[in-house]
**Q** 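Below: one structure in structure tokens.
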Amino acid sequence: MEPILKVENLKTFFPVATSMFGKKKYLKAVNDVSFEVFENETFGLVGESGCGKSTLGRTIVKIYEPTDGKVWFEGKDVSTIKGDELKKFRKDAQMIFQDPYASLNSRMTVGEIIREPMDIHDLYPTSKEKDEKASELLEIVGLKPDHIRRYPHEFSGGQRQRISIARTLALNPKFIVCDEPISALDVSIQAQIINLLEKIQEERNISYLFIAHDLGAVKHISDRIGAMYLGSLVEVGESNELYRNPLHPYTRALLSAIPIPDPHLMRNREIAAIDGEIPSPLNVPSGCAFRTRCPMAMEVCAKDTPKLRKVGNSQVACHLYD
Amino acid sequence: MEDIKLTADLFEPLSEEEKNSEFIAAKSKTYLQDAWGRFKKNKLALAGLAFLIVMTVLAITVPMFSPFEYDLMDLTSVNLMPSLLHPMGTDKFGRDIFVRIMYGARISLSVGFASAFICLFIGIVYGGIAGYVGGKVDMVLMRIVDIIYSIPTLLIVILIMLIFGSNIVSILIGLCATAWMGMARLVRAQVLSLKEQEFALAAYVLGASKMRILFKHLIINCMGPIIVNVTLMVPSAIFTEAFLSFVGIGISAPAASWGTLANEARSLIESHPIQIIWPVASICLTMLSLNFIGDGVSDAFDPKKK
């Protein structure tokens with residue numbers, strides 16, 4: 001099966017201001033990442049804050065220019081497109097943002113917000129049709145059509161996230177980057193939004209790149225999951241497989257941090273705690289980026305950077321499996 | 001911990017009322033309606049607004065309907081005290097002071113508001129582009145502002161008056177030549193902080209053009225501080241114009257602005273002190289009400305700042 005999205009050796013570096021004569025320094029937010037997302041699939045992306053998940057998502061939808069590498073969308077290289085081609089790509093690949101309080105323009109009514117993508121892409125000829133479509137979208141995401149004349153500040157966080165989903169759906173996209181869409185919401189609301197995203201996926205055949213640090217939610221919604229550490233993917237696998245049998249020491253530690261809703265089990269279980277802080281992406285350790293905190297680090301880890309390779313059903317980047 | 005068995009009778013169906021929990025009862029208000037609601041509560045600001053409206057109406061109508069022209073001299077009735085025919089008396093050439101004050105109000109108010117709006121326009125475009133495009137463009141644009149800032153305002157105004165002559169247009173040009181920069185800096189700073197916000201990124205990902213993002217999303221969201229700044233620019237422009245006319249490089253006689261009138265009355269301050277009271281009082285009251293309005297507007301648009 002052809003993947004809808006294929007990311008190949010993607011790098012996104014940000015130049016950091018240094019002294020005038022010093023060597024130019026780069027913050028390596030995304031460092032050599034490759035993965036694929038298939039049609040109608042949800043690819044989960046997990047990792048600590050600051051590991052480059054959001055930057056990766058934003059580079060894919062072209063908010064940031066990639067420093068190197070390619071992004072293939074439906075078999076076409078979109079990493080350098082401009083003009084009309086870019087506009088067409090924008091129609092197909094959309095993004096849902098993390099903070100529902102910041103992602104809606106507070107000076108526009110809900111109707112104007114949902115109509116904006118239709119206005120930009122000239123989707124429906126008349127204003128009346130656009131309004132009808134906007135009401136329809138509001139109903140799809142579980143709001144009332146008469147909310148169309150309201151302003152975002154009159155809604156709760158969960159409702160705002162629904163508005164934001166309706167806005168992306170107005171373009172009928174094939175692929176949506178969900179950048180931690182639930183992390184700013186209450187737990188009960190999180191479930192509603194996840195269910196809504198799943199319902200929409202079923203009805204419209206959309207692929208998701210689902211970025212989150214809530215591991216439980218990611219497991220629930222994702223078909224496959226990638227774990228990211230300091231800008232690189234360390235493990236990719238089927239979500240059940242990854243949770244049952246994590247291979248990379250980092251994934252293991254990450255998964256052992258999921259709380260269990262049972263105090264007895266919680267007290268007795270082993271936690272593979274990671275020592276120390278995540279190193280600065282300005283100074284990524286040589287070789288394997290995780291070696292400074294890895295309980296199983298070996299000599300070779302400092303020398304060679306491990307590449308993602310197939311181990312069992314998953315892919316993992318670790319010298320333990322050489 | 002004991003296990004709790006979940007049975008159906010532990011739950012009850014949602015009542016009809018609760019099913020309507022998504023209903024919003026409050027009336028929907030736009031941003032401006034909200035601000036006006038807060039502005040209305042400030043009595044001083046309302047009084048200032050009322051005074052300004054009365055002044056504007058008088059400034060338009062009085063010179064139209066008065067039997068006297070602002071430059072009509074009548075040497076048989078010089079330096080009269082206020083009477084029914086001349087509510088503020090006449091000056092040393094027998095001209096009606098009331099008509100002249102109202103004529104001056106036309107000039108002062110139009111200079112104040114026109115320069116504020118010109119600066120608003122230039123400032124939004126210039127600052128918006130500098131803030132949104134950023135990088136080298138921003139660097140060059142803002143250094144130009146820094147350079148113009150380093151020349152004293154009065155020097156620029158006087159030079160422009162010398163070149164274009166003493167009239168209302170050259171005063172406007174002179175005032176705007178320097179006043180737009182404050183607005184440009186304000187808009188740039190606002191745009192700079194807003195453009196990384198998620199709603200601007202969302203518009204970008206939707207495919208919105210740069211112009212659309214800048215004007216429909218960014219500028220609209222910094223309207224609050226912009227409006228506050230404009231209301232404070234009006235009195236400062238009026239004041240500068242009055243000052244220039246008073247020292248004799250602004251509007252010159254027989255045309256009248258409040259500054260010119262104050263200057264003319266200055267020579268009679270010992271024999272007919274009442275004549276200087278009218279222009280000075282007009283300037284003071286207008287300034288006071290504009291500043292009250294500015295205060296009210298800034299509270300209305302930024303309720304957190306007190």
**Q** Donor-acceptor check, side chain of Y124(A) to backbone of E132(A), threshold 3.5 angstrom: yes or no?
**A** no

**Q** Among R212(B), Q197(B), M223(B), which has the most heavy-atom pairs under 4.5 Å with chain A?
**A** R212(B)

**Q** Between K91(A) and chain B, which part of the residue has a heavy atom less than 4.5 Å away: side chain, backbone, both or neither?
**A** neither

**Q** Salt bridge between D299(B) and R38(B), side-chain N to carboxylate O under 4.0 Å?
**A** no

**Q** Checking R162(A) against Q192(A): is there a side-chain donor and acceptor pair closer than 3.5 Å?
**A** yes

**Q** Select, from R167(A), H153(A), Q94(A), M108(A), the one with the greatest count of heavy-atom pairs under 4.5 Å involving chain B.
**A** Q94(A)

**Q** If I measure from the heavy atoms of chain B, does L171(A) come under 4.5 Å with its side chain, its backbone, both, or neither?
**A** side chain

**Q** Hey, what do you get for CD1 (I165(A)) to CD1 (I96(A)), rounding to the nearest 0.5 Å?
**A** 4.5 Å

**Q** Begin from the C-alpha positions of T12(A) and T59(A) and carry the test side chain to side chain donor-acceptor pair (under 3.5 Å) through to its verdict.
**A** CA-CA 7 Å; T12(A) 310; T59(A) 310; 3.0 Å; yes

**Q** Under 4.5 Å, counting heavy-atom pairs only, tell me which of E112(A), K87(A), Q98(A) racks up the most with chain B.
**A** Q98(A)

**Q** Between P117(A), S164(A), P173(A), S156(A), which shows the greatest number of heavy-atom pairs under 4.5 Å with chain B?
**A** P117(A)

